[in-house]
Structure formats: structure tokens, C-alpha cells
Chemist: 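Mind having a look at this structure? Questions to follow.
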Amino acid sequence: MDKNTKEQMTEEMADVQLLIGKILRLGVMISATVMIIGLVLLIVKGNGGYPNNAFPTDFSQIWAGIAELKPYAIMMLGIFLLILTPVLRVVVSIYSFYREGDNLYVWITTIVLVILGISFVFGILR
């Protein structure tokens with residue numbers, strides 16, 4: 001590799017690291033905002049929108065509850081977005097390691113992503 005290629009790679013990796021930081025910050029801010037909206041609705045409505053203070057446990061219930069502005073459904077969306085944030089970081093990390101040419105970490109991070117995906121599937125099937 002010549003000097004210019006190394007400098008470009010270093011700059012690109014710095015940009016990717018900044019992107020990862022922005023993704024994490026933005027994900028937390030968005031999920032917190034959604035949670036606050038749900039909390040405000042809970043305070044205004046006086047209940048979570050479900051009988052016996054139950055809450056939605058699957059995506060169809062969450063989406064239906066969001067359409068009806070049910071506070072617990074909106075708060076569950078905020079939790080889902082918060083969980084999704086580090087998963088997105090893992091995806092960006094795979095790209096970053098690939099661009100660096102670090103195949104070992106590409107494989108390790110891909111395995112982590114697959115494990116996360118499997119855990120989500122088992123969580124949904126449960």
C-alpha cells in the first residue's frame with residue numbers, strides 16, 4: 001500500500017468510527033423521545049391503553065397499539081428502538097472491519113449478528 005492509500009484508509013476508518021458514534025447517540029435520542037411521548041400519553045390518558053395494565057408483547061399488538069395511540073405500545077416501540085441501536089452498530093462494524101481488511105473480526109462480528117438475529121427470532125416465537 002502506498003502512503004496515500006493508507007491515509008485514505010485511516011480517514012475512512014475515522015469516518016466510520018464517527019458514524020458509529022452518531023448511530024448510537026441518535027438511536028438513544030430517538031428511543032428516549034419515543035418513550036417520553038409514550039409517558040406523556042400515559043399521564044394524559046391516565047392508563048396504558050390495555051386492560052389490567054397489560055402491555056403489548058408482539059409486533060402486531062405494538063403496531064396496532066401505536067395506530068390507536070396507546071401509551072404502552074408507544075413505550076414498547078421506544079424499547080424496541082433502543083434494542084435495535086446496538087444491532088445497527090454491529091452491522092456498521094462488520095462493514096468497518098471489512099474495509100480494514102480484518103477478516104477475523106468480520107467473521108466474529110458476523111457471528112455476533114447471527115446470534116442476535118437468532119435470539120430475536122426465538123424471542124418472537126416464544
Side-chain angles (χ1 to χ4, degrees):
M1 256 192 232
D2 65 356
K3 186 177 177 183
N4 286 338
T5 305
K6 282 185 178 182
E7 288 176 11
Q8 288 174 339
M9 185 67 76
T10 302
E11 286 180 29
E12 185 177 352
M13 290 305 105
D15 290 344
V16 169
Q17 293 303 319
L18 286 173
L19 176 64
I20 289 171
K22 287 178 184 178
I23 287 170
L24 292 174
R25 278 192 300 277
L26 187 63
V28 169
M29 287 189 301
I30 290 171
S31 63
T33 301
V34 171
M35 291 289 292
I36 290 170
I37 290 168
L39 180 62
V40 168
L41 279 173
L42 178 64
I43 292 168
V44 168
K45 289 187 171 191
N47 64 46
Y50 295 93
N52 300 324
N53 281 328
F55 55 91
T57 56
D58 64 43
F59 288 119
S60 62
Q61 290 176 341
I62 291 172
W63 295 124
I66 290 169
E68 298 173 17
L69 293 177
K70 292 184 176 182
Y72 284 176
I74 293 171
M75 287 192 269
M76 290 297 287
L77 176 64
I79 291 170
F80 174 71
L81 292 173
L82 188 62
I83 291 169
L84 195 60
T85 300
V87 174
L88 188 54
R89 187 227 191 275
V90 170
V91 171
V92 173
S93 294
I94 291 170
Y95 169 76
S96 172
F97 292 135
Y98 173 76
R99 291 293 296 155
E100 287 178 7
D102 195 343
N103 291 329
L104 176 62
Y105 280 100
V106 168
W107 283 107
I108 291 171
T109 312
T110 301
I111 291 169
V112 168
L113 184 62
V114 168
I115 291 169
L116 286 169
I118 291 169
S119 70
F120 287 152
V121 169
F122 280 125
I124 289 171
L125 295 177
R126 192 186 114 145

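Note that the numbering runs from 1 along the sequence shown for the chain. Note that the coordinates shown come from a computational prediction; the quantities given were computed from them, not determined experimentally. Heavy-atom basis, side chains included; hydrogens, waters and symmetry copies ignored.
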Chemist: Tell me every residue that passes side-chain hydrogen bond (donor to acceptor under 3.5 Å, both in side chains) with Tyr50, counting only those two or more places apart in sequence or in another chain.
Modeler: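 In terms of side-chain hydrogen bond (donor to acceptor under 3.5 Å, both in side chains), with neighbours along the sequence ignored, Tyr50 is linked to no residue.
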
Chemist: Using atom types as modelled, flag every donor-acceptor pair under 3.5 Å from a side chain in residues 101-111 to any protein atom, sequence neighbours excluded.
Modeler:
unit_1	atom_1	unit_2	atom_2	d
Thr109	OG1	Tyr105	O	2.6
Thr110	OG1	Val106	O	2.6

Chemist: Is there a path from Leu88 to Ile115 through hydrophobic residues (I, L, V, M, F, W, Y) whose side chains come within less than 4.5 Å of each other?
Modeler: no

Chemist: Report yes or no: does Asn52 contribute a side-chain atom to a donor-acceptor pair with the main-chain N or O of Ala54 at less than 3.5 Å?
Modeler: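 It does not hold such a pair.
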
Chemist: Return the set of residues passing side-chain hydrogen bond (donor to acceptor under 3.5 Å, both in side chains) with Asp58 (not counting sequence neighbours), or none when no residue passes.
Modeler: Ser60

Chemist: Can you tell me which residue pairs pass the side-chain hydrogen bond (donor to acceptor under 3.5 Å, both in side chains) test with a partner in residues 88-100, sequence neighbours excluded?
Modeler: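 Every pair satisfying side-chain hydrogen bond (donor to acceptor under 3.5 Å, both in side chains) with a residue in residues 88-100: Glu12-Tyr95, Glu12-Arg99, Arg89-Ser93.
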
Chemist: Counting only pairs under 3.5 Å, give me each side-chain donor-acceptor contact of residues 15-40, with atom names and distances, residues two or more places apart or in other chains.
Modeler:
unit_1	atom_1	unit_2	atom_2	d
Ser31	OG	Gly27	O	3.0
Ser31	OG	Val28	O	3.0
Thr33	OG1	Met29	O	2.8

Chemist: Using atom types as modelled, flag every donor-acceptor pair under 3.5 Å from a side chain in residues 63-85 to any protein atom, sequence neighbours excluded.
Modeler:
unit_1	atom_1	unit_2	atom_2	d
Glu68	OE1	Lys70	NZ	3.3
Thr85	OG1	Leu81	O	2.9

